[in-house]
> 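This is the structure I have questions about; it appears just below.
The residues of the chain are indexed from 1 along the displayed sequence. The structure displayed is predicted, hence computed values, not measured ones. Just the heavy atoms: all of them, side chains too, but no hydrogens, waters or symmetry mates, feed the values below.
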Amino acid sequence: MIHLSTVGVSVRIDVYADVLCPWCYIGKRRLAAALDGLAGPEPVDVRWRAYELGPDLPRVPGRSAAAQMADPSWWGAEAPSRIDRIRALGAAEGLTLDLHRARPVNTFDAHRLIRFGHERGLGDATAERLLLAYHSEGANVADHGVLERLGTEAGLDDAEVRAVLAGDAHAADVRADERRAARSGVTGVPSLVIDGGRPVPGVQPAHVLRRLLSDAPPAASRP
């Protein structure tokens, strides 16, 4: 797990991700490993930023991610080997990535919930629970009942989660993240923006991410 802090921050990381992306889950583990091995007394401020891979997807699940990847317009005949590779890379990080159970849906409300989690100091825990539910349990992360349960399991107050999902709380935050992504040059996920710099792939090995973070300028030298 990634521990969040905004006090005495040495590095600020904006993580652009989507719950539907298995690479984002792998990248999350690698970023955590990079942070665990990062030298320095000051904490790192990690912000999960919304990036919808399928903003036009329905809220009702259809075909599995694996079935969609097998379409000729996607990976076609290469899908089985590519899916096996994703599964193996996930397993190396201690993850169970089941693309045959995961069924893509609209993630706008999932992003709103993660933003609410961040407001309560539980952004990482909320993102973690949603990623696990989607990729390992085949949960419908567009269903409000499912999101309420997952948010509560992440440590959020049940009544507050219901209120968030029933209204439009944090919708503007999600749209702001997406505009920020466009301004920053983010074109895919997972992407990391370190201290406002250019986006870098977030699924790189932990030692590469650690070097990128170590090379970031100290807080006192930032404009």
> So does Pro201 get a backbone contact from the side chain of Gln204, meaning a donor-acceptor N/O pair under 3.5 Å?
yes
> Considering only heavy atoms from C-beta outward, does the side chain of Glu128 approach that of Arg29 to under 4.5 Å?
yes
> Exactly one of Arg198, Arg183, Arg49 should register a salt bridge (Lys or Arg N to Asp or Glu O under 4.0 Å) with Asp14. Which one does?
Arg49
> Once you round to the nearest 0.5 Å, how far does CG of Asp45 lie from CD1 of Ile13?
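Spacing of CG (Asp45) from CD1 (Ile13) equals 8.5 Å.
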> Under the 3.5 angstrom rule, does the side chain of Ser136 hit a backbone N or O of Ala133 as a donor-acceptor pair?
no
> What's the separation between atom CD in Glu52 and atom CG in Leu20, rounded to the nearest 0.5 Å?
9.5 Å
> Donor-acceptor check, side chain of Asp143 to backbone of Val146, threshold 3.5 angstrom: yes or no?
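Present.
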> Using a strict threshold of under 4.0 Å (side-chain N to carboxylate O), is an ion pair present between Asp173 and Arg175?
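No, Arg175 and Asp173 are not salt-bridged.
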> Any link between Leu97 and Trp74 through a network of hydrophobic side chains (Ile, Leu, Val, Met, Phe, Trp, Tyr) touching at under 4.5 Å?
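Yes, one cluster joins them.
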> Taking atom SG of Cys24 and atom CG of Leu31, what is their separation to the nearest 0.5 Å?
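Answer for the SG-CG pair, Cys24 versus Leu31, is 11.5 Å.
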> For the CD atom of Glu148 and the CG atom of Asp158, what is their distance to the nearest 0.5 Å?
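The CD atom of Glu148 sits 4.0 Å away from the CG atom of Asp158.
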> Got a salt bridge between Glu93 and Lys28, using NZ or NE/NH1/NH2 to carboxylate O under 4.0 Å?
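Salt bridge flag = no for Lys28 with Glu93.
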> Using side-chain heavy atoms (C-beta onward) and a distance below 4.5 Å, is Val189 in contact with Trp23?
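Side chain of Val189 against side chain of Trp23, heavy atoms only: no contact under 4.5 Å found.
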> Please say yes or no: joined through hydrophobic side-chain contacts below 4.5 Å, possibly via intermediate residues, are Val203 and Leu95 part of one cluster?
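They do share one cluster, since a chain of ILVMFWY contacts under 4.5 Å joins Val203 to Leu95.
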> Could you pull out every donor-acceptor pair under 3.5 Å between side chains of residues 106-113 and any protein atom, sequence neighbours left out?
{"unit_1": "Asn106", "atom_1": "OD1", "unit_2": "Phe108", "atom_2": "N", "d": "2.9"}
{"unit_1": "Asn106", "atom_1": "ND2", "unit_2": "Pro55", "atom_2": "O", "d": "3.1"}
{"unit_1": "Asn106", "atom_1": "ND2", "unit_2": "Leu57", "atom_2": "O", "d": "3.3"}
{"unit_1": "Thr107", "atom_1": "OG1", "unit_2": "Asp18", "atom_2": "OD1", "d": "2.8"}
{"unit_1": "Asp109", "atom_1": "OD1", "unit_2": "Arg112", "atom_2": "NE", "d": "2.9"}
{"unit_1": "Asp109", "atom_1": "OD1", "unit_2": "Arg112", "atom_2": "NH2", "d": "3.0"}
{"unit_1": "Asp109", "atom_1": "OD2", "unit_2": "Arg59", "atom_2": "NH1", "d": "2.9"}
{"unit_1": "Asp109", "atom_1": "OD2", "unit_2": "His144", "atom_2": "NE2", "d": "2.7"}
{"unit_1": "His111", "atom_1": "NE2", "unit_2": "Asp18", "atom_2": "OD1", "d": "2.8"}
{"unit_1": "Arg112", "atom_1": "NH1", "unit_2": "Val164", "atom_2": "O", "d": "2.8"}
{"unit_1": "Arg112", "atom_1": "NH1", "unit_2": "Gly167", "atom_2": "O", "d": "3.3"}
{"unit_1": "Arg112", "atom_1": "NH1", "unit_2": "Ala169", "atom_2": "O", "d": "2.8"}
{"unit_1": "Arg112", "atom_1": "NH2", "unit_2": "Val164", "atom_2": "O", "d": "3.4"}
{"unit_1": "Arg112", "atom_1": "NH2", "unit_2": "Leu165", "atom_2": "O", "d": "3.3"}
{"unit_1": "Arg112", "atom_1": "NH2", "unit_2": "Gly167", "atom_2": "O", "d": "3.3"}

> Measure the shortest side-chain to side-chain distance between Leu150 and Thr126 over non-hydrogen atoms and say whether it is less than 4.5 angstrom.
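A side-chain contact under 4.5 Å is absent here.
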> Would you say Val174 ends up clustered with Phe116 if hydrophobic residues are merged whenever their side chains have heavy atoms under 4.5 Å apart, either directly or through other cluster members?
no
> Within this structure, what is the CG-OH distance for the pair Leu131 and Tyr25, rounded to the nearest 0.5 Å?
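Reported value, rounded in 0.5 Å steps: 6.0 Å.
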> Is there a path of hydrophobic side-chain contacts, each under 4.5 Å between heavy atoms of I/L/V/M/F/W/Y residues, joining Val46 to Val200?
yes
> Rounded to the nearest 0.5 Å, how far apart are CG of Leu99 and CZ of Arg82?
13.0 Å
> Please check if the side chain of Ser184 supplies one atom and the backbone of Ala181 the other of a donor-acceptor pair under 3.5 Å.
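It does not hold such a pair.
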> With a 4.0 Å cut-off on N to O distance, would you call Arg210 and Asp36 a salt bridge?
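Salt bridge absent between Arg210 and Asp36.
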> I'd like to know if Glu153 pairs up with Arg149 as an ion pair, taking the criterion as any Lys NZ or Arg NE/NH1/NH2 lying under 4.0 Å from an Asp or Glu carboxylate oxygen.
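Yes, Glu153 and Arg149 are salt-bridged.
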> Can you tell me which residue pairs pass the salt bridge (charged side-chain N to carboxylate O under 4.0 Å, His left out) test with a partner in residues 130-139, sequence neighbours excluded?
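Residue pairs with at least one partner in residues 130-139: Arg129-Glu137.
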